[in-house]
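Just so it is clear: chains get the letters A, B, ... in the order the sequence lines come, proteins before strands, and each one is counted from 1. Because only heavy atoms are used, hydrogens play no part in the values below, and waters and symmetry mates are left out as well, while side chains stay in.
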2 protein chains.
Amino acid sequence: MNSRPVLVAGVWRPSLHSSQSFQALNPATGDLLPDVYPVSTLEDVNDACSAAAQTVADLRELPDVTERIAAFLEDYATRIEGAADALVEMAAAETAYPVTPRLRTVELPRTTGQLRQGAAAARGRSWCHATIDTAAKIRSMYAPIAGPVVVFGPNNFPFAFNSVAGGDFVAAIAAGNPVIAKANTSHPGTSRLLAELAFDAVRASGLPVAMVQQLYRTAADVGFALVSHPKVGATGFTGSKHAGLQLKAAADRAGKPIYLEMSSVNPLFVLPGALQERLPAIAKEVFDSCALGSGQFCTRPGLTVVIREPSGQAFVDEACRLFREGPSGTLLGTSGRSAIANGLDELKANGAEVLTGGEPLPGPRVGFANTLLKVSGAAFLEHPLALQTEAFGTVNTIVLCADAGEMAAVASNLEGNLTGSIYSDSSGTDDAMCGELSGILRSKVGRLLNDKMPTGVAVSAAMNHGGPYPATGHPGFTAVGIPASLLRFAALHSYDNVRPQRLPPELQDRNPTGSMWRFIDGRWSTEDVI
Amino acid sequence: MNSRPVLVAGVWRPSLHSSQSFQALNPATGDLLPDVYPVSTLEDVNDACSAAAQTVADLRELPDVTERIAAFLEDYATRIEGAADALVEMAAAETAYPVTPRLRTVELPRTTGQLRQGAAAARGRSWCHATIDTAAKIRSMYAPIAGPVVVFGPNNFPFAFNSVAGGDFVAAIAAGNPVIAKANTSHPGTSRLLAELAFDAVRASGLPVAMVQQLYRTAADVGFALVSHPKVGATGFTGSKHAGLQLKAAADRAGKPIYLEMSSVNPLFVLPGALQERLPAIAKEVFDSCALGSGQFCTRPGLTVVIREPSGQAFVDEACRLFREGPSGTLLGTSGRSAIANGLDELKANGAEVLTGGEPLPGPRVGFANTLLKVSGAAFLEHPLALQTEAFGTVNTIVLCADAGEMAAVASNLEGNLTGSIYSDSSGTDDAMCGELSGILRSKVGRLLNDKMPTGVAVSAAMNHGGPYPATGHPGFTAVGIPASLLRFAALHSYDNVRPQRLPPELQDRNPTGSMWRFIDGRWSTEDVI
């Protein structure tokens, strides 16, 4: 059986010297899908990096780069919409996600929306924070990072975080960089269809043909070579902590920026007044959020912290009923199923008790029973790290605290997380406790929520889909939200006494769009420099 | 002889379990200075980190933190001015820099100016990029990084980059973080006087007493423990590539951000028309820039690239005269003198020819003869990495290229640098060459200059004192320039559906200062949210 070609240097061509291949699984049936994809070797990586480096040089000479990039992103979004049937069908086969609403009416529109937001950011140019000091004759801006951006997409969003269509892809391209996409191995077919559309859009745009390249899989050491390649600018990675930390070590040694979104238990703190006021509604919110996408969201809440008396135990009972009675979704693959089992073993070995679930589903469908655990606050505080082990599925551990002080201690022992949520009552009896917890949580999470589950990640300028280590590799950057996500793939360029006609358009006296925001002599303005 | 105390947890106290000590050298005489300073052990590091972590918690509860920080920075600047005589005397003894103009009229005012700019940034708050999305009910801002910032200052700016008074210190404090200063071992006395003033100002401000702490020296492994300490937020380091890369490895492994400013040869490209037009003036600029601070500037030009015919050789002759006839300054220490000798050995071994200088100065004063080398473009291209070896003194290597193509090839083979400068003529004959070189250099340097030496580093909002690896560890950040330098020591905090009264003042509907810039629904504004 021939492997599918990779997209390197503007050509769909066979993977070079590849002796290994793989197929994706249909998690709904447990069967392998027919298409065969190659495991790329160092030859593919070197060729892709060389072509991308040439692309960086070519982009420098190309007129209207910004407009071409914007047009490319918009055209690509339109092509995705035109191919929605095939994309949704393939993604459904590779992920077992429901076609509707998940794939067709939620994730696909989110993906095309991100591409169009990226186009608007590229065209609007305000993202580059043009800064002008007229007295000192110094001007600066963020610019492309001078090498391709490597994007490793996760398994859980075949469209919206796809390495060749998702958030990191958009951010890298909108900031002016070519992308080398390393597809997630659980959905190579979806990635192939997207890359074909992207490549068509690249050719229509007049951008260099290696603006977008795609590999499907590499051995670990070839992946390390990719993120540390001398010609690479930076890497965006979303996936497991295990893989992320290994790639981080390789990139760090080479002095290459790498942005990682790795793991998070997304703690919920449900305060006594809130339980008093709306226990059933909150329990339902917790279950629904945990079950979204079969629990395979980076922002799925994995830990719910309550106070035992008077209503914590009643909350446990209600949540237990919901987890037990609710449908169990299909997982993305067998490795995820094993990982949940391993995670549960770790949680149980450290004192958590399984209240419902705890076992894989029988039959060919890849699944795991909805699982609720509980542990006392005191027991949590004995093994706080082990009890934050992520189990990536419809799994939640309720921590039953003796009092507010123990709840605060649990918060103080949390690792870095993407999110933290506090539910409090409307009459103010929870406010003091909420204030203390907010202070503790604030430094441990990228996004702090009130009365809301963290699984919705709006593509907003004020979003932070990031957080302190080990949730990510750096607390100052977000993977979602435009324009901020573009800054990950940018270098700061200062121009000192450079002659006016030699400045990039963004830094010349005349505002190049008439509307881009620039920081001129201490004031944000859309005016020309006068 | 008793060692001087360290400043830990709000007390000047003896270093714990320290069995080693050191003294600074007076480079002008070669004699050791009388004061003895301790080499700190892990006990001091752990104590300082614990006190700083408590400070982070205390700052959360303190009213008017922003105003206290601003007042602290201003008061500290005033105290420095009041103690200028003692500071300048001590710094002159420890560095052999001239009292005037260098220390008293240039570096000291720059330092107090930075402190006051930091105060204005803290008070003005626009640095935190408050971003408000009213429709999505999500708001975000940059906030302190949730742990102390460790600052390692370099040897070459005893005031302006001092770990307890310089640019990194100001940026870390203005962003709301406590600082653990690791003094440079070549000027412990200056650092001690500054830390005493800083501590007095901390106490006057009502900030927690461990807002500023100071250690003088550690063994290498204790330094690694410091930058990777679980309680540390981030590190700012300015110094040698050797030490910087070791600290980077330790911090990276622990997932702790570290910002490094390590090395740079700051290439100059002097084009034929410019030489035709103003050869003597440019040669003098080159020598003066190379000789500034005895050549011990991070931005000192170490490489000058010219075309041999018609005027490159004449430029070499004139530069050689200036280097030979110009005074040779005093170096900061004997290790710097050895490092220059080692650097020259490397350059010579790879084909560079010494035209003048090349030897240490005789006598007790620590010095090295002004040294000019030359190498052909062809020879440079055979060993481009070795010929970029930094020799941190009044040393410059002229690369004589056969033609414009060879000059472009030299540019293409440069490593990441802080700066790159192009000198071209006023009539336009150099413009094509300048355009090509600018394109190549732009991705290799943090700051691109025209017709100007890079040794002036203005404290401007548009400055970039940074650049691609290995000049620094990340091309997106600057160590000089307010407010951008503060972003290194900040975390991104998003608030999603958080109740209005619980938001930090910067994100509430009402603009907290009446003048801070906020990005509200896609527009920069100083207005309230309506």
- Message: Taking side chain as everything from C-beta outward and backbone as N, CA, C, O, which of these in Arg442(A) sits under 4.5 Å from a heavy atom of chain B? Side chain, backbone, both or neither.
- Response: both
- Query: Most heavy-atom pairs under 4.5 angstrom with chain A, which of Ala254(B), Gly466(B), Gly233(B)?
  - Reply: Ala254(B)
- Task: Measure Arg499(A) against the heavy atoms of chain B and call it side chain, backbone, both or neither at under 4.5 Å.
- Result: both
- Query: For Leu492(A), does its backbone N or O pair with a side-chain atom of Asn464(B) as donor and acceptor, under 3.5 Å?
  - Reply: yes
- Among Pro468(B), Gly124(B), Ala462(B), Gly476(B), residue most engaged with chain A (heavy-atom pairs, under 4.5 Å): Ala462(B)
- Measure Ala249(B) against the heavy atoms of chain A and call it side chain, backbone, both or neither at under 4.5 Å. neither
- Item | Side-chain donor or acceptor of Arg447(A) paired with backbone N/O of Pro454(A) under 3.5 Å | yes
- Based on non-hydrogen pairs under 4.5 Å, which of Tyr469(A), Phe477(A), Trp517(A) is most in contact with chain B? Trp517(A)
- When you measure from the side chain of Lys444(A) to the backbone N and O of Leu414(A), does any donor-acceptor pair fall under 3.5 Å? yes
- Item | Under 4.5 Å from any heavy atom of chain A - which part of Ile145(B) | side chain
- Is it true that a side-chain atom of Arg125(A) and a backbone atom of Met516(A) form a donor plus acceptor pair closer than 3.5 Å? no
- For chain B, the option from Gly255(A), Gly147(A), Ala146(A) that forms the most heavy-atom pairs under 4.5 Å: Gly255(A)
- Structural part of Ser525(B) lying under 4.5 Å from a heavy atom of chain A: neither
- So what's closer than 4.5 Å to chain A heavy atoms on Lys248(B): side chain, backbone, both or neither? side chain
- Message: Between Tyr142(B) and chain A, with a heavy-atom cut-off of 4.5 Å, which part of the residue counts as in contact: side chain, backbone, both or neither?
- Response: side chain
- Message: Are the side chains of Arg518(B) and Leu507(B) in contact, using a 4.5 Å heavy-atom criterion?
- Response: no
- Message: Taking every non-hydrogen pair under 4.5 Å, which of Ser443(A), Gly446(A), Ala458(A), Pro257(A) racks up the most with chain B?
- Response: Gly446(A)
- Between Asp252(A), Ile440(A), Ile138(A), Val56(A), which residue shows the highest count of heavy-atom pairs closer than 4.5 Å to chain B? Asp252(A)
- Any donor and acceptor pair, going by atom type alone, linking the side chain of Thr472(B) with main-chain N or O of Gly467(B) inside 3.5 Å? yes
- Query: Top residue by heavy-atom pair count (under 4.5 Å) with chain B, among Thr419(A), Asp133(A), Val498(A)?
  - Reply: Val498(A)
- Task: Sort out for me which of Arg488(B), Arg253(B), Lys137(B), His474(B) touches chain A most, counting heavy-atom pairs under 4.5 Å.
- Result: His474(B)
- Contact part of Thr478(B) toward chain A, heavy-atom cut-off under 4.5 Å: side chain, backbone, both or neither? both
- Starting from the C-alpha separation in whole Å, work towards a yes-or-no answer on side-chain contact (heavy atoms from CB on, under 4.5 Å) for Met463(A) and Asp496(B). CA-CA 8 Å; Met463(A) 175 50 65; Asp496(B) 188 343; 4.3 Å; yes
- Query: Are any of the side-chain heavy atoms of Asp431(A) and Arg502(B) separated by less than 4.5 Å?
  - Reply: yes
- What part of Ser426(B) lies closer than 4.5 angstrom to a heavy atom of chain A: side chain, backbone, both or neither? backbone
- Item | Region of His129(B) that comes under 4.5 Å of a non-hydrogen atom in chain A | side chain
- Task: Among Gly456(A), Ser424(A), Pro483(A), single out the residue with the greatest number of heavy-atom pairs under 4.5 Å to chain B.
- Result: Ser424(A)
- Item | Lys452(A), NZ: over 12 other non-hydrogen atoms inside 6.0 angstrom | yes
- Contact origin within Ala57(A) toward chain B - heavy atom pairs under 4.5 Å: neither
- If we only count heavy atoms from C-beta on, is the His493(B) to Tyr495(B) side-chain gap below 4.5 Å? yes
- Asp430(B) CG to Phe269(B) CZ distance, which is reported to the nearest 0.5 Å: 13.5 Å
- Message: With a 3.5 Å distance limit and no angle check, can you tell me whether Asp451(B) reaches the backbone of Asn497(A) through a side-chain donor-acceptor pair?
- Response: no
